[in-house]
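As the structure is a computational prediction, the values presented were derived from the model and not from experiment.
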2 protein chains.
Amino acid sequence: MTTASDRRTAILESAARVIARRGVRGLRVEELAAEAGVSTALIYYHFKDRAGVLRRTLEFINDRAERYTTGGEPGAEPQESPKPREPLEPLEPRQELERALLLELQDDELVRENSTAWGELRASAVFEPDLRHDLAKASLTWVQAVADLLGQVQPMAPAGTLALAAERLTALLEGLSMRWLSGILPLAHARALMREAIAVELERLEHP
Amino acid sequence: MTTASDRRTAILESAARVIARRGVRGLRVEELAAEAGVSTALIYYHFKDRAGVLRRTLEFINDRAERYTTGGEPGAEPQESPKPREPLEPLEPRQELERALLLELQDDELVRENSTAWGELRASAVFEPDLRHDLAKASLTWVQAVADLLGQVQPMAPAGTLALAAERLTALLEGLSMRWLSGILPLAHARALMREAIAVELERLEHP
DNA sequence: GTCTATATCAGGATAGAC
DNA sequence: GTCTATCCTGATATAGAC
């Protein structure tokens, strides 16, 4: 049985796919409807207008990324049970850090989808102030998470220093991700650069 | 007297402005025409179609950035004489490096315009393979320039290492630039992060 | 809640005069 | 080379039946 709420979710999943394929600018309500197997009217019914779709999709992607980045707190709905993804056994802090940062640089379909959509939304936010709020919030959470991981590797480092390193690493990740997605940097190379950057930053934290 | 070639250039300048204001997705041929003070038909006459405008604008921005990044080789046309911009007296290598990398993080109108348009084109390239070629070329030149500057500061470092550091620094710059332009990172903070990253990389090059 | 059908309109593109 | 006028497609959004 397919409830209305399921349908909403299905539409959002489709939206993420379409955005990953065509970009925010390329998202056509009609194509989205086709992808989700519903009529365009239904989309307007649920999301008011095209902008509404974008806003909701941003939130949706945000949640989903948070889940797979952190290893999915049991707090959230257990939906999407099909793919448990990586076992995520507790790792050494250092490995945990690498995993988190390299997660966005993978050729996994879902990850690529998220990264692409994410990059698009980030880029769109330059011109659409409506998106900034969510974007800033997500960005902050993400930086904080990385700062925490850095802190676990280098417990002696002061919080401020950790935060700065985290900002650099996440900004770098975004830059690399963009280059990868736009095809000017091979994935493996991007990953190597990221790993090296982590090493550089950790060294810096150790010998200030 | 206004030659046809001048007009072409004027249109491209306008295009850069419009892209900076509305984004690539937001560029309307009609608005561009208004901005440049010409008819839409003329734009199609000169650039074939909207995509043509984008391609040419990318090149245009590319050249312009190259000029102000490198301090303007006399090789290029001396056009645009009005603004000599910063005197650009020869600096210490280290300062030269900082200047080059921080140049994109400035609230100068022209720089902001270039950065924004650049970010847009980069983002667009994810979905429009036509743009990738120019993008890759520009990216390469830019990375190479930074690698050279790094080499001037640390002449003992091997070329490969320099290249990697340059890739990280430029990718970071792009990430920071995006965050700045989308309003989630204050300019001053972005600049501070960039400076620190330069310091970290240089240290790394010195004590491998 | 969901669909079919359609109104509406913005914006890319062209014809043809000058 | 440049303009005025106009065509026409493609995309958002709504009306109304079920």
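- For the side-chain contact (heavy atoms from CB on, under 4.5 Å) test, residues two or more places apart in sequence or in another chain that qualify with A:Ile184 are A:Arg179, A:Ser182, B:Leu135, B:Ala136, B:Ser139.
- Atom pair B:Arg8:CZ and D:dT2:C1' shows a separation of 15 Å (rounding to whole Å applied).
- In this structure, the CD1 atom of A:Ile43 is 13 Å from the P atom of C:dT4, given to the nearest Å.
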Strictly under 4.0 angstrom, non-hydrogen atoms only: write out the protein contact profile of nucleotides 9-18 of chain C, one letter per nucleotide from the 5' end, B, S or -. --SSBBB---

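- Between the CG atom of A:Asp6 and the P atom of C:dG1 there is a distance of 12 Å, given to the nearest Å.
- Relative to the ring axis of A:Phe47, A:Arg8 places its NZ or CZ within 45° and under 6.0 Å from the centre.
- Remark: B:Arg7 is in phosphate contact with D:dT2, judged by side-chain N or O atoms under 4.0 Å from OP1 or OP2.
- Salt-bridge annotation for B:Glu196 and A:Arg204: present, with a side-chain N of the basic residue lying under 4.0 Å from a carboxylate O of the acidic one.
- Protein atom OH of A:Tyr45 is 17 Å distant from nucleotide atom C1' of C:dT4, rounded to whole Å.
- Minimum atom distance to the side chain of B:Leu42 is reached by D:dT2, of the listed C:dC3, D:dT2, C:dG1.
- Using a cutoff of 4.0 Å between basic side-chain nitrogens and carboxylate oxygens, B:Arg56 and B:Glu59 are scored as salt-bridged.
- If you measure from atom NE2 of A:His46 to atom C1' of D:dT14, you get 16 Å, rounded to the nearest angstrom.
- Taking a cutoff of 4.0 Å between a charged side-chain nitrogen and a carboxylate oxygen, A:Arg112 and A:Glu109 do not qualify as a salt bridge.
- Side-chain contact check for B:Met178 versus A:Val126: some heavy-atom pair is nearer than 4.5 Å.
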